Amino acid sequence: MKKVLAAAAATAMCCSMFSCSAKDESSQGSSNQKTIGLAMPAQELERWNNDGESLKSQFEKAGYKVDLRFSENDADKQNEDISSMLNDGVDLLLIAAVDGSTLSDTLAVAKEKNIPVVAYDRLIMNTDALTYYVSFDNYTVGKLQGEYVRDQLHLLSTTSEYNIEFVAGDAGDNNARYFFNGAYDALKNYIDNGTLRILSGKNSFEQVATASWSTENAENNMKETLASFYKGDNQLDVALCANDSTALGVANALASDYKGGNTPIITGQDGDVANLKNIVDGKQSMTVYKNVNDEAEVAFEVCKMLLDGGIPTSKLAGSFDNIKVVYDSESYNNGVRYIQSYLLVPYVITKDNLQLLVDTGSYKWDSDNKYLEAASK
């Protein structure tokens, strides 16, 4: 696992360094109206809608044509979308995969046509067509969630026992396994010694995966867990949720079906506005924030360099003034080879440091200065 992360980090550093030095040139029309195909998973999810529109805006401002498509979280539709882009003659593909294991046949066509393919946020598996990978340090996302639980429950010194349940992401999303493994590894010693108990017995990724990262699926799964294992005197202390959409479902289930007198710790990831409200209201404890604007900027620079005939290297990672990026070529193996990767560093958000999100420019305080809302673009 650590080896995979290290490789991704090395690649990330490379891309970043070139990015800043290439920015001035990118605005001078060197693109010659080349077209980039952006394949995003789902427009209805706040995260992907923001990413897609942000990337589209950056490329268009730099003079490129953009073919942006959302695939409704349907792997078959995404394959069709990408095939259509290839038929239309795109010059590069930037793909956030619905299911990274289902694209190899489609991307073989890109390989034949010498069209670069960059994986965005989610690694694309089992293909030699993949050129680069831009993402966050996904194992660290889960690790931060686990360490937050460790510190809140004082697990290093406590003599008490606590009950925890894990809520992972979609089984088809390669990142979801990294999130789960990072969180589980951070807490494994406490699970093994009985300080943390999983009453449901669900201690593997496959057992706790949430189809489509769906809020509704997470809510229904948690309601079943509560009905089966948290009746009577059994108290749930932690719901370690991989992201904000699953955390929202868990919070809904606890509000309607949990009979315990305590407020369980709920983790999350992404910084969705509804979840940030829950954090203020005490219904969610934290979220791991990944500044997707930074991720989009790194991806833009990697793609721009490729479109302009360059070769991103480790130097790119060091070229960003305000973005922490690591280049890694020895950690992320997609089943065919290790992929040059550019990895950004995430951080923990709680009710005490929400101003950090405002400082990114993506959020603003509401009129009462109580909750955060999306900043106008």
Side-chain angles (χ1 to χ4, degrees), residues 1-12 39-42 45 47-48 51 71 73-79 82 93-108 110 117-145 166-185 204-214 217 241-243 245-246 269-270 288 290 292 295 298-299 302 326 328-344 346:
M1 172 75 50
K2 291 181 179 176
K3 185 179 179 183
V4 175
L5 288 170
T11 305
M40 295 285 120
L45 291 178
R47 162 72 203 278
W48 298 119
D51 279 34
S71 301
N73 255 340
D74 185 325
D76 291 336
K77 185 178 186 306
Q78 187 166 60
N79 271 286
I82 294 170
L93 288 168
L94 179 62
I95 303 170
V98 173
D99 184 340
S101 66
T102 65
L103 295 171
S104 56
D105 289 344
T106 300
L107 294 183
V117 179
V118 178
Y120 183 75
D121 201 73
R122 298 172 174 178
L123 188 62
I124 300 172
M125 306 301 292
N126 305 318
T127 176
D128 62 354
L130 185 59
T131 313
Y132 291 91
Y133 176 44
V134 178
S135 188
F136 284 85
D137 187 338
N138 296 313
Y139 183 85
T140 293
V141 170
K143 184 170 177 281
L144 289 172
Q145 293 170 337
F166 288 83
V167 181
D170 185 81
D173 182 348
N174 187 63
N175 287 354
R177 292 180 180 272
Y178 286 105
F179 300 145
F180 174 81
N181 289 339
Y184 196 91
D185 289 351
S204 70
F205 171 76
E206 290 75 15
Q207 289 175 307
V208 297
T210 305
S212 302
W213 295 90
S214 162
N217 290 338
C241 302
N243 82 325
S245 61
T246 56
Q269 171 193 179
D270 287 334
V288 177
K290 304 182 302 184
V292 297
E295 185 180 20
V298 174
V302 172
V326 179
D328 187 330
S329 61
E330 299 178 348
S331 296
Y332 279 93
N333 191 312
N334 77 338
V336 176
R337 58 192 172 91
Y338 287 100
I339 305 300
Q340 295 184 73
S341 306
Y342 294 84
L343 300 180
L344 290 82

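What you see is a predicted model; the values in this text were computed from it and never measured. Residue numbers run from 1 in the order of the sequence given.
- Using a 4.0 Å cut-off between charged nitrogen and carboxylate oxygen, E295 and R47 count as a salt-bridge pair.
- Taking CH2 of W48 as the start and CE of M40 as the end, the distance is 6.5 Å to the nearest 0.5 Å.
- Of all the heavy atoms in P41 and A97, the pair that sits closest is CG-O, 4.2 Å.
- Nearest heavy atoms, D99 versus G172: OD1-O, 3.3 Å.
- Although no hydrogens or angles enter the test, the distance criterion places a donor-acceptor pair under 3.5 Å between the side chain of T127 and the main chain of A129.
- Atom-to-atom distance recorded for M125:CE and L103:CG is 11.5 Å, nearest 0.5 angstrom.
- Scanning both residues, A211 and N217, for their nearest heavy atoms gives O-ND2, 2.9 Å.
- D51 and Y120 form a side-chain donor-acceptor contact under 3.5 Å, judged by distance and modelled atom types alone.
- A donor-acceptor pair under 3.5 Å is absent between the side-chain atoms of S245 and the main chain of S214, judged by distance alone.
- A 4.5 Å side-chain heavy-atom check between V134 and V118 finds at least one atom pair inside the cut-off.
- T102 is listed as a side-chain neighbour of N79, based on a closest heavy-atom distance under 4.5 Å.
- Proximity of a side-chain donor or acceptor of D137 to a complementary backbone N or O of P346 within less than 3.5 Å is not detected.
- For the pair E330 and Y338, the tightest heavy-atom approach, listed with the atom from each and the gap, is O-CE2, 3.4 Å.
- In this structure the side chain of N333 never reaches within 4.5 angstrom of the side chain of I339, judged on heavy atoms.
- Although no hydrogens or angles enter the test, the distance criterion places no donor-acceptor pair under 3.5 Å between the side chain of Y133 and the main chain of I124.
- Y139 and Y178 have their aromatic ring centers separated by at least 6.0 angstrom.
- Aromatic pair Y184/F166: ring centres closer than 6.0 Å.
- Among N174, D173, N138, the single residue meeting the side chain to side chain donor-acceptor pair (under 3.5 Å) criterion with R122 is D173.
- In terms of modelled atom types and a separation under 3.5 Å, the side chain of Q145 and the main chain of A183 share no donor-acceptor contact.
- Counting only heavy atoms from C-beta outward, the side chains of L107 and I82 approach each other to under 4.5 Å.
- Annotation: the span from D121 atom CG to L94 atom CG amounts to 10.0 Å, rounded to 0.5 Å.
- At least one side-chain heavy atom of N175 sits less than 4.5 Å from a side-chain heavy atom of S135.
- Two residues are said to be in side-chain contact when any heavy atoms from C-beta on lie closer than 4.5 Å; V167 and V208 fail this criterion.
- Remark: D170 CG to S212 OG distance equals 5.5 Å, nearest 0.5 Å.
- Considering all non-hydrogen atoms of both residues, A242 and G169 come closest at CB-N, 3.9 Å.
- The distance from atom CG of N334 to atom OG of S101, rounded to the nearest 0.5 Å, is 11.5 Å.
- Heavy atoms from other residues, nucleotides or ligands lying under 6.0 Å from NZ of K290 number more than 12.
- Proximity of F136 to V288: side-chain heavy atoms (C-beta onward) are nowhere separated by under 4.5 Å.
- A 4.5 Å side-chain heavy-atom check between F179 and N243 finds every atom pair outside the cut-off.
- Although no hydrogens or angles enter the test, the distance criterion places a donor-acceptor pair under 3.5 Å between the side chain of Q78 and the main chain of V98.
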